[in-house]
Amino acid sequence: MGERSIFTNLVRQADGAYSAVYGPYLLQSALQPIFREHADGRLQIAAFKGLIRASAGDMPTSPGEFFQSVPEEERTAVDGLCRSLHILNAGLIGRRDAALIMSVHSGLYRAPHAMRQEVEWLRLAAHEAGIAPERIACEIRQLPGDDAEALALFADRLHEAGFSIAIDEYTGDDRDLARLERLKPQFVAFDTSWLHEFAENSAGLALLRVMISQFADRSIEAIVGGIETPETMALCREMGGPLMQGFLLARPELAPTHFNTTFPDIGEDRPAADQPAAVSDAVMPVENRIARPVRHFGRRGV
């Protein structure tokens with residue numbers, strides 16, 4: 001896959017969603033909402049998390065297994081292709097105020113040339129999708145052996161182009177504080193296990209409230225993931241209302257998703273009683289389809 005072929009692998013499905021074909025694999029976007037809860041209990045989609053779904057024939061393949069099958073010399077292009085898919089499919093939902101958070105295999109972007117190329121691909125996809133760059137956040141995870149300075153340089157290049165940064169598995173230790181200063185993120189997702197342990201007593205909960213307030217003062221949105229019980233939602237309220245993500249609220253859906261129906265934009269002129277409750281007993285749509293490509297390649301209208 002060459003640098004100029006990033007869009008040649010794209011397929012427009014009959015339902016309008018974008019997918020991609022790479023070798024024997026069909027690549028699709030699954031999007032999971034991240035919510036802000038209003039004082040009246042209504043949930044508003046504040047962001048989406050982009051998750052890649054790979055399949056060969058009718059057999060799903062884990063993202064890790066899929067990327068291991070990609071030759072090393074093509075991994076940067078394939079990694080960028082997955083983010084382009086997420087951006088284009090998020091654009092179909094039309095939530096211009098909602099952010100899109102996508103993982104980055106950070107070790108692939110050590111060289112300045114690779115950084116420049118990724119920024120250009122992001123710009124092209126954002127323009128095509130009609131999403132402002134600041135609503136697109138690249139989640140940079142620092143793994144053992146990663147060059148911290150190279151990651152900081154990559155974050156700087158993304159910021160210079162108008163894009164946002166997210167970091168995950170945050171625990172507030174010295175290493176994370178250094179990440180915070182180097183990468184200057186707009187979104188910080190807590191480490192779920194650490195969060196539950198830290199919030200077990202009133203002192204820890206009070207410190208979390210202070211931490212989230214300090215994040216807000218720096219225009220950083222805190223995210224609590226892994227929400228699977230009403231008790232965890234109640235904990236989030238006590239923490240001061242971070243953004244929330246989890247199966248209790250909404251499962252990931254393959255694009256084009258039903259989220260505009262399930263969670264209408266609160267900005268729409270609808271009575272509060274018609275809005276979905278914070279936790280509904282209804283069954284949420286799930287990823288229960290593997291769409292097959294139609295023979296229409298490339299970007300529509302180009």
Side-chain angles (χ1 to χ4, degrees), residues 1 6-34 45-56 58-67 70 75 77-96 98-105 118 121-133 135-139 163-164 166 168 187 225 245 247 249-263 284-294 296-300:
M1 179 182 289
I6 190 66
F7 281 105
T8 62
N9 293 61
L10 290 176
V11 177
R12 197 73 186 267
Q13 305 284 2
D15 59 11
Y18 289 89
S19 64
V21 173
Y22 177 78
Y25 294 100
L26 174 67
L27 305 179
Q28 296 172 282
S29 288
L31 300 172
Q32 185 175 22
I34 300 172
I45 295 176
F48 295 98
K49 182 66 181 288
L51 305 164
I52 201 67
R53 295 293 184 256
S55 59
D58 292 327
M59 294 297 296
T61 303
S62 72
E65 184 179 349
F66 164 69
F67 277 105
V70 177
R75 286 181 184 171
V78 172
D79 189 51
L81 173 63
C82 291
R83 277 187 297 282
S84 295
L85 272 182
H86 296 324
I87 293 170
L88 292 170
N89 284 314
L92 297 176
I93 300 176
R95 298 290 184 99
R96 296 295 180 251
L100 172 64
I101 301 175
M102 309 172 294
S103 297
V104 173
H105 286 75
E118 175 57 19
W121 282 340
L122 288 171
R123 280 175 169 162
L124 184 59
H127 176 75
E128 183 74 10
I131 300 177
R135 305 311 302 164
I136 296 172
C138 292
E139 185 178 77
F163 296 101
S164 295
D168 68 345
F187 297 91
Q245 177 186 5
F247 281 9
L249 307 175
R251 290 176 176 269
E253 290 185 25
L254 289 174
T257 83
H258 299 85
F259 295 133
N260 281 335
T261 301
T262 312
F263 298 99
M284 298 295 184
V286 297
E287 299 176 67
N288 58 0
R289 62 185 179 86
I290 298 292
R292 306 311 306 169
V294 295
H296 180 84
F297 291 83
R299 292 176 293 162
R300 177 185 293 176

- Message: Could you work out, with side chain to side chain contact (heavy atoms under 4.5 Å, CB included) as the rule, every residue matching His105, not counting sequence neighbours?
- Response: Phe67, Asp79, Leu108
- Message: Testing the 3.5 Å rule here: is there a donor-acceptor pair between the side chains of Gln13 and Ser19?
- Response: yes
- pair Ser103-Arg83: side-chain heavy atoms closer than 4.5 Å: no
- Six-ring centre of Phe48, Arg95 cation under 6.0 angstrom, axis tolerance 45°: no
- Item | Check against side chain to side chain contact (heavy atoms under 4.5 Å, CB included), Leu81 and Leu10 | CA-CA 9 Å; Leu81 173 63; Leu10 290 176; 4.0 Å; yes
- Please identify each residue that fulfils side chain to side chain donor-acceptor pair (under 3.5 Å) with Ser164, with sequence neighbours left out. none
- Message: I want to check something: taking the side chain as every heavy atom from C-beta on, are Ile87 and Leu122 in contact at a cut-off of under 4.5 Å?
- Response: yes
- Task: Kindly compute the distance separating CG (Leu85) from CD (Gln28), expressed to the nearest 0.5 Å.
- Result: 9.0 Å
- Query: Is any side-chain heavy atom of Val21 closer than 4.5 Å to a side-chain heavy atom of Asn9?
  - Reply: no
- side chain to side chain contact (heavy atoms under 4.5 Å, CB included) filter on Ala132, not counting sequence neighbours, yields Glu134, Arg135
- Item | Inter-residue atom distance Leu27.CG - Ile52.CD1, 0.5 Å rounding | 5.0 Å
- Message: Checking Phe163 now: which residues fulfil ring-ring contact (aromatic ring centres under 6.0 Å, His included) with it, not counting sequence neighbours?
- Response: none
- Note on the structure: By ring-ring contact (aromatic ring centres under 6.0 Å, His included), Phe66 pairs with (sequence neighbours left out) Tyr25
- Query: Can you find a pair of side-chain heavy atoms, one from Leu92 and one from Tyr18, that are under 4.5 Å apart?
  - Reply: yes
- Message: Among Leu254, Leu100, Leu51, which residue satisfies the side chain to side chain contact (heavy atoms under 4.5 Å, CB included) criterion with Leu31?
- Response: Leu100
- Query: In Å, rounded to the nearest 0.5 Å, how long is the span from OG of Ser84 to CG of Leu124?
  - Reply: 7.5 Å
- Do Thr257 and Thr262 come close enough that some side-chain heavy atom pair is under 4.5 Å? no
- Query: Counting N and O atoms only, with roles assigned by atom type, does the side chain of Ser55 sit under 3.5 Å from a partner on the main chain of Asp58, one being a donor and the other an acceptor?
  - Reply: no
- Item | Pairwise side-chain contact, Arg53 with Pro252, heavy-atom cut-off 4.5 Å (strictly under) | yes
- Which atom pair, heavy atoms only, marks the closest approach of Pro256 to Asp15? CD-OD2, 3.3 Å
- Got Glu139 and Lys49 here, is their nearest side-chain heavy-atom distance under 4.5 Å? yes
- Note on the structure: Scanning both residues in full, the closest heavy-atom pair of Ala250 with Phe259 reads CB-CE2, 4.4 Å
- Note on the structure: Rounding to 0.5 Å, atoms CD (Glu253) and CD1 (Ile93) come to a distance of 8.5 Å
- Minimum heavy-atom distance Ile101-Ala47, with the two atoms named: CD1-CB, 4.5 Å
- Message: Is it the case that the side chain of Arg75 and the backbone of Val70 share a donor-acceptor pair, with hydrogens and angles ignored and the cut-off at 3.5 Å?
- Response: yes
- Sorted by chain and number, sequence neighbours left out, salt bridge (Lys or Arg N to Asp or Glu O under 4.0 Å) with Arg123 holds for Glu120
